[in-house]
Novice: 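One structure, as structure tokens, below. Some questions next.
Quick note: numbers below take in every heavy atom, side chains included, and nothing from hydrogens, waters or symmetry partners. For this chain, numbers begin at 1 and follow the sequence in order. Just so it is clear, the structure is predicted and the values come from calculations on it, not from any experiment.
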Amino acid sequence: MSRVCELTGKKAMVGNNVSHAMNKTKRKFDANLVKKRFYIPEEDKWVTLKVSTSAIKTINKKGISAVIKEAREKGFLNK
């Protein structure tokens, strides 16, 4: 499974390792993802999602129902 946040769509970025001599080699910046269970009171069920840590902060602020609704509108969540 790819390393993509299911709620925000965040995924790996590409950049360079830069040495002291300014030599550049390609590298990957992975998203900070965590597999976490959330309880959705409206549907009375638990859902396991692979989310970024910034998405967890957003869930704490707005609530899981609002964030899932936004993710479905943007097309990130198909569950």
Side-chain angles (χ1 to χ4, degrees):
M1 192 170 196
S2 60
R3 307 243 333 135
V4 178
C5 177
E6 295 179 13
L7 294 180
T8 61
K10 283 188 174 194
K11 55 187 173 183
M13 295 172 50
V14 178
N16 289 314
N17 275 331
V18 182
S19 70
H20 187 68
M22 299 299 284
N23 298 327
K24 294 171 180 70
T25 56
K26 284 292 184 183
R27 64 159 288 180
K28 205 157 124 181
F29 293 92
D30 284 325
N32 188 6
L33 298 180
V34 179
K35 201 170 191 180
K36 186 150 175 55
R37 288 176 71 221
F38 296 101
Y39 179 72
I40 305 172
E42 288 81 16
E43 300 174 19
D44 192 37
K45 67 178 183 179
W46 288 90
V47 177
T48 302
L49 298 172
K50 189 187 289 188
V51 294
S52 62
T53 52
S54 63
I56 293 174
K57 290 176 75 172
T58 305
I59 289 168
N60 288 338
K61 184 177 179 181
K62 294 182 178 180
I64 185 67
S65 303
V67 175
I68 286 178
K69 183 180 174 190
E70 288 176 14
R72 284 190 176 131
E73 288 172 0
K74 292 180 182 176
F76 294 130
L77 190 64
N78 297 325
K79 290 182 180 178

Novice: Look up atom SG in C5 and atom NZ in K50, then write down how far apart they are to the nearest 0.5 Å.
Specialist: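 Rounded to the nearest 0.5 Å, the SG-NZ separation comes to 10.5 Å.
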Novice: Is V34 reachable from V4 through a run of I, L, V, M, F, W or Y residues, each pair having side-chain heavy atoms under 4.5 Å apart?
Specialist: no
Novice: Using the side chain to side chain contact (heavy atoms under 4.5 Å, CB included) rule, take Y39 and D44 through it: C-alpha gap first, then chi angles, then the decisive distance, then the call.
Specialist: CA-CA 7 Å; Y39 179 72; D44 192 37; 2.4 Å; yes
Novice: According to a hydrophobic-cluster definition based on side-chain heavy atoms being under 4.5 Å apart (Ile, Leu, Val, Met, Phe, Trp, Tyr only), do F76 and V47 belong together?
Specialist: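 No; tracing contacts between hydrophobic side chains, which count when under 4.5 Å, never links both residues.
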Novice: Does R27 make a cation-pi contact with F29, if we ask for NZ or CZ under 6.0 Å from the ring centre and within 45° of the axis?
Specialist: yes
Novice: Go through the steps to decide whether N17 and K24 satisfy the test side chain to side chain contact (heavy atoms under 4.5 Å, CB included), and finish with yes or no.
Specialist: CA-CA 6 Å; N17 275 331; K24 294 171 180 70; over 6 Å; no
Novice: Of all heavy-atom pairs between E6 and T48, which one has the smallest distance, and what is that distance?
Specialist: OE1-O, 4.4 Å
Novice: Give, for atom CE of M22 and atom CG of N16, the distance between the pair rounded to the nearest 0.5 Å.
Specialist: 10.0 Å
Novice: Are L33 and L77 linked, directly or through intermediate hydrophobic residues, by side-chain heavy-atom contacts shorter than 4.5 Å (ILVMFWY only)?
Specialist: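 Different clusters.
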Novice: Measure the CD-NZ distance between E73 and K69 for me, rounded to the nearest 0.5 Å.
Specialist: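 These two atoms lie 5.5 Å from each other.
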Novice: Just verifying a value: how many Å separate L49 CG and R37 CZ, rounded to the nearest 0.5 Å?
Specialist: 11.0 Å
Novice: Side chains of I68 and F38: closer than 4.5 Å at any heavy-atom pair?
Specialist: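 When only atoms from C-beta onward are counted, F38 and I68 do not touch, as no gap falls below 4.5 Å.
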Novice: Please report the shortest heavy-atom distance between S52 and K10, naming the atom on each side.
Specialist: OG-CD, 4.0 Å
Novice: How many angstroms lie between atom CZ of R72 and atom CG of L7, to the nearest 0.5 angstrom?
Specialist: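 So the gap between those two atoms works out to 10.0 Å.
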